[in-house]
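See structure below.
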Amino acid sequence: MTAVGFLYPGHSAEDDYPRIEMLLDSDVRLSVVHTDIGEDAHRVDALLEMGSPARLAAGVEELRLAGAEAVVWACTSGSFVHGPHGAQDQVSLLAQAAGLPASSTSFAFVHAVRELGATRVAVAATYPDDVAEYFADFLKAADIEVLATLGSGVVTAAEVGTWGREEVLELARAGDRPEAQAVLLPDTALHTAAYLPELEEALGKPVLTANQVTVWEALRLADRRVRTKNLGALFAREA
């Protein structure tokens, strides 16, 4: 049994995690602890506070008691708004507080893009344009070429959590570019786990989504590889 843990802000698309656990169909347990979201707003000042050390540290004891071997801050915007260095400091403080290997969804995207061997990506975000550009800048700092960045202008995670299959497919199609080797959907408030094979079939290329890469990152930190065709190209690759 491999157990990994996630600090998830508030309540929007946390049901992606039990769904992913089911789709992995393996001896893997995904434990989710909800952090205090503060103000639900895709606004830089609110996002900086959402990912503050005190808010993250409050959930680590529950994950340790659940037997987690690694922990991931399951929030993209609440990590990349700190910039590459600030996001690394955030992860380092989380690792110290948890006494476990730690990461965040922003770094999970960087590692997943590299895992696929991609260098050129397109970003299809639910966020307002200015927040989406923070994510693009984070990727560029990791030497990933961002060909296009689409922002959808959604202000709250609560609204994103109401989006279904049609909205997710439309978002991915709108954000794609022919030259992109992968399309990234960065919001952990967006339900995507059930749609990954359909998304990749529709676009004809790998699609990386926030909750998908977050789980993959946690398993990577735990030195565990699970292969399945149910969760897109990232999980379908040979070890």
Donor-acceptor contact present, side-chain S106 to main-chain T76, <3.5 Å
yes
Contacts of E61 meeting salt bridge (Lys or Arg N to Asp or Glu O under 4.0 Å) (sequence neighbours excluded), chain-then-number -> R64
Original post:
Side-chain contact, heavy-atom cut-off 4.5 Å: V123 with L150?
Top reply: no
Side chains of T156 and E159: does their closest heavy-atom pair fall under 4.5 Å?
yes
Residues G151 and A132: closest non-hydrogen pair is CA-CB, 4.3 Å
For R43, the side chain to side chain contact (heavy atoms under 4.5 Å, CB included) test, sequence neighbours excluded, returns E39, A41, D45, A46
Tightest non-hydrogen contact, residues S152 and L171, listed as OG-CD1, 3.3 Å
Scan the side chains in residues 192-203 for donor-acceptor partners under 3.5 Å anywhere in the protein, sequence neighbours excluded, and list what turns up.
unit_1 : atom_1 : unit_2 : atom_2 : d
T192   : OG1    : T209   : OG1    : 2.8
Y195   : OH     : R165   : N      : 3.3
E198   : OE1    : R165   : NE     : 3.0
E198   : OE2    : R165   : NE     : 3.0
E198   : OE2    : R165   : NH2    : 2.4
E200   : OE1    : A233   : N      : 3.0
E200   : OE2    : V207   : N      : 2.9
E200   : OE2    : A233   : N      : 3.1

Residues pairing under side chain to side chain donor-acceptor pair (under 3.5 Å) where one sits in residues 125-145, two or more places apart or in two chains, turn out to be T126-D187
_Looking at T188 and A210, would you say the former's side chain and the latter's main chain have a donor-acceptor pair under 3.5 Å?_
no
Taken in chain and number order and not counting sequence neighbours, the residues that satisfy side chain to side chain contact (heavy atoms under 4.5 Å, CB included) with I37 are P9, D40, M50
H11 meets the ring-ring contact (aromatic ring centres under 6.0 Å, His included) criterion, sequence neighbours left out, with H34
Requested in this report: Check the hydrophobic clustering (I, L, V, M, F, W, Y; side-chain heavy atoms under 4.5 Å; chains of links allowed) and say if W216 and L116 are grouped together.
Outcome: yes
When you measure from the side chain of R227 to the backbone of A236, do you find a donor-acceptor pair of N or O atoms at a distance under 3.5 Å? yes
Quiz question: by atom type and distance under 3.5 Å, do the side chains of T214 and T105 form a donor-acceptor pair? yes
Exercise for review: Assess whether side chain to side chain contact (heavy atoms under 4.5 Å, CB included) is satisfied between K205 and D176, documenting all intermediate values.
Suggested key: CA-CA 10 Å; K205 65 185 66 174; D176 188 19; 2.9 Å; yes
> Same hydrophobic cluster for L190 and V155, using side-chain heavy-atom links shorter than 4.5 Å among ILVMFWY?
Replying inline: no
When every non-hydrogen atom of A189 is compared with those of Y8, the smallest separation belongs to CA-OH, 3.7 Å
Strictly distance-based, threshold 3.5 Å: is any side-chain N or O of H191 a donor or acceptor partner for the main-chain N or O of G161? yes
Smallest heavy-atom separation, A70 atom then A218 atom, equals CB-O, 3.9 Å
Those residues at least two apart in sequence (or on a different chain) that pass side chain to side chain contact (heavy atoms under 4.5 Å, CB included) with K229 are none
message: Evaluate H111 against R114 for side chain to side chain contact (heavy atoms under 4.5 Å, CB included), listing each step before the verdict.
response: CA-CA 5 Å; H111 298 152; R114 290 173 178 165; 4.3 Å; yes
Sequence neighbours excluded, the answer for ring-ring contact (aromatic ring centres under 6.0 Å, His included) partners of F6 is Y17
**Asked** Hey, does V215 have a side-chain heavy atom less than 4.5 Å from the side chain of L219?
**Response** yes
message: So that I can tick it off, tell me whether E217 and R220 are bridged by a salt bridge, with the cut-off set at under 4.0 angstrom between side-chain N and carboxylate O.
response: yes
Do the non-hydrogen side-chain atoms of L208 and L234 ever get within less than 4.5 Å of each other? yes
Residues P186 and A124: closest non-hydrogen pair is CD-O, 3.3 Å
In this structure, CZ of R120 is separated from CD of Q181 (nearest 0.5 Å) by 4.0 Å
Which pairs of donor and acceptor atoms, one on a side chain in residues 87-94, lie under 3.5 Å apart (sequence neighbours left out)?
unit_1 : atom_1 : unit_2 : atom_2 : d
Q90    : NE2    : G51    : O      : 2.9
Q90    : NE2    : G78    : O      : 3.0
S92    : OG     : Q88    : O      : 3.0

Contacts of F135 meeting ring-ring contact (aromatic ring centres under 6.0 Å, His included) (sequence neighbours excluded), chain-then-number -> F80, F109
Sequence neighbours excluded, the answer for side chain to side chain contact (heavy atoms under 4.5 Å, CB included) partners of A222 is T2, V4, E69
Report, one line per pair, each donor and acceptor closer than 3.5 Å where one atom sits in a side chain of residues 19-28; sequence neighbours left out.
unit_1 : atom_1 : unit_2 : atom_2 : d
E21    : OE1    : L30    : N      : 2.7
S26    : OG     : R224   : NH2    : 3.0
D27    : OD1    : R224   : NH1    : 3.0
D27    : OD1    : R224   : NH2    : 2.6
D27    : OD2    : M1     : N      : 3.3

Rounding to 0.5 Å, atoms CZ (R55) and CG (L7) come to a distance of 13.0 Å
task: Decide whether L147 and F138 are clustered together by the hydrophobic rule: side chain heavy atoms of Ile, Leu, Val, Met, Phe, Trp, Tyr closer than 4.5 Å, transitively.
output: no
Quiz item: If Ile, Leu, Val, Met, Phe, Trp and Tyr residues are connected whenever their side-chain heavy atoms lie under 4.5 Å apart, and connections chain through other members, are L169 and V154 in the same group?
Solution: yes
Closest non-hydrogen contact found for S12 with A157 is OG-O, 3.3 Å
